[in-house]
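Residues take their numbers from the sequence shown, with the count starting at 1. All values derive from a computational prediction rather than experimental measurement. Values reported hereafter were calculated over all heavy atoms of this structure, with side chains retained and with hydrogens, waters and symmetry mates removed. Both ligands and their constituent atoms are indexed starting at 1 by order of listing.
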Amino acid sequence: MRFDIITLFPELFLPFFRCGVVGRAFSGGLARAETAQLRDYCEGAHGADDRPFGGGSGMVLAAAPVLAAVRDMRKRNAGPVIYPTPRGEVFSDAVARDLAKLPGCIILCGRYRGVDERALEAEADREISLGDYVLSGGETAAMAVMDAVLRYVPGVLGNPLSAEEDSFGGGLLDAPCYTRPEVVEGRAAPAVLLSGDHAAIREWRQARAREMTAERRPDLLSPPQPPPSKMEGG
Ligand code: SAM
C-alpha cells in the first residue's frame with residue numbers, strides 16, 4: 001500500500017515512519033510512504049497560503065499549489081485523495097479496514113483556517129474526521145489514519161489474529177490485560193490467566209470484553225435502530 005502525504009511539515013512524519021509496527025511495515029516493504037512539501041508547488045510570488053476572502057482569523061491554503069500537488073501525486077498513486085477535516089465522516093475501525101483494501105491513498109494535510117474550498121471540490125474524494133475537536137493541522141490525523149490502516153494490511157502485524165483480538169476487531173472493546181509480576185502493590189492478576197486452561201482463559205476474556213463494552217460503549221452491542229416512523233394525521 002502506498003501513501004503520499006501533502007504537507008507543509010514533512011519533518012513531522014520522519015520518526016513516525018521509522019518506529020514500531022508502522023516502521024516495520026515500511027522497512028519490510030509491505031507499504032511505502034512519501035511526503036510532498038506543498039511549498040514546492042507554489043509558483044511566482046504566491047505562497048502556499050493567503051488571507052481569507054471576507055476577512056476573519058487564520059490563513060487559508062491556496063487552491064493553486066494544492067491542486068498542483070494533488071495532481072502530481074495522482075500520477076504515482078491510484079488511491080483516493082483524503083482530506084482530514086472536522087467536518088468529515090468520523091474515522092473508525094470500519095473505515096480503516098475499508099481503506100486497507102486499497103492500493104494506496106493521498107492525504108492532503110490542512111493547516112491554519114483550512115484549504116480553499118474550490119480545491120477540495122475539485123480533488124478531494126473523501127473527508128475524514130478524527131473526532132469532535134480541532135487539531136492545528138492534518139498531519140496528526142494523517143498519522144492516525146495510516147497507523148490504523150496499516151494494521152489491516154496483510155503481513156504488517158506479526159500475529160494476524162491480533163487485530164481481531166484488539167478492540168472493535170470482534171465488535172467489542174478489548175479485555176483488560178496483565179503481565180509479570182503476578183502481584184502489583186497488593187493487586188493480584190486474575191488467577192484464571194495463570195491457570196494454563198486456554199478454554200477458561202478465552203471464556204474469561206470474552207466475558208470481560210462484554211462487560212467492558214456494556215459499561216463503556218453500550219452502543220457497540222446494540223446496532224443503531226431506524227428512526228421511528230412519523231405518525232400521520234391526529
Ligand atoms: N477551520 C477548520 C474548522 O473549524 O473546521 C479547522 C482548521 S484546523 C486549525 C487545520 C487543519 O487541521 C484542517 O484543515 C484539517 O486538515 C486538520 N484537522 C483539524 N481538526 C481535525 C479533525 N478533528 N479531524 C481531522 N483533521 C483535522
In ligand 1, which numbered atoms sit nearer than 4.0 Å to a non-hydrogen atom of [X]?
| X | value |
| --- | --- |
| Gly131 | 23 (N) |
| Ala141 | 25 (C), 26 (N) |
| Gly114 | 14 (O) |
| Arg113 | 1 (N), 2 (C), 7 (C) |

Treating [X] as the side-chain partner and [Y] as the backbone partner, does any N or O pair qualify as donor plus acceptor under 3.5 Å?
| X | Y | value |
| --- | --- | --- |
| Asp125 | Val81 | yes |
| Arg113 | Pro52 | no |
| Arg97 | Gly169 | yes |
| Asn77 | Cys105 | yes |
| Thr35 | Ile5 | no |

Short N or O distance, [X] and ligand 1, threshold 3.5 Å exclusive:
| X | value |
| --- | --- |
| Pro84 | yes |
| Leu135 | yes |
| Val134 | no |
| Leu130 | yes |
| Gly110 | yes |
| Tyr112 | no |

(message) Distance alone, cut at 3.5 Å: any donor-acceptor contact between the side chains of Thr7 and Glu139?
(response)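 Yes - a donor-acceptor pair under 3.5 Å links their side chains.
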(message) Can you confirm whether the side chains of Asp93 and Tyr152 place a donor and an acceptor under 3.5 Å from each other?
(response)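 Note: Asp93 and Tyr152 side chains meet the donor-acceptor criterion.
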(message) I need the Leu173 CG to Arg216 CZ distance, nearest 0.5 Å.
(response)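 CZ of Arg216 is found 8.0 Å from CG of Leu173.
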(message) Nearest 0.5 angstrom please: Glu34 CD to Phe26 CZ, how far?
(response)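 The CZ atom of Phe26 is 10.5 Å from CD of Glu34, to the nearest 0.5 Å.
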(message) I'd like to know whether Arg151 forms a salt bridge (Lys or Arg N to Asp or Glu O under 4.0 Å) with Glu165, so could you lay out the CA-CA distance, the side-chain angles of the two residues, the decisive distance to 0.1 Å, and finally the verdict.
(response) CA-CA 12 Å; Arg151 292 168 57 79; Glu165 289 173 353; over 6 Å; no
Is it the side chain, the backbone, both or neither of [X] that has a heavy atom closer than 4.0 Å to ligand 1?
| X | value |
| --- | --- |
| Tyr83 | side chain |
| Thr85 | backbone |
| Ile128 | backbone |

(message) Under 4.0 Å, counting heavy atoms only: does Thr140 come that close to any atom of ligand 1?
(response)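 It does not, in that no heavy atom of Thr140 comes within the 4.0 Å cut-off of ligand 1.
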(request) Look up atom 14 (O) of ligand 1 and tell me if a protein heavy atom lies less than 4.0 Å from it? (result)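 Protein heavy atoms within 4.0 Å of atom 14 (O) of ligand 1 - there is at least one.
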(request) List the closest protein heavy-atom neighbour of atom 23 (N) of ligand 1: residue, atom name, distance to the nearest 0.1 Å. (result)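 Checking every protein heavy atom, the shortest distance to atom 23 (N) of ligand 1 gives Tyr133 O, 2.8 Å.
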(message) Looking only at protein heavy atoms, which one is nearest to atom 3 (C) of ligand 1, and what is the separation?
(response)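 Result: Pro86 CG, 4.2 Å.
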(message) Please give me the minimum heavy-atom distance between Asp174 and Asp166, naming the atom from each residue.
(response)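 Closest approach of Asp174 to Asp166, heavy atoms only: OD2-OD1, 3.9 Å.
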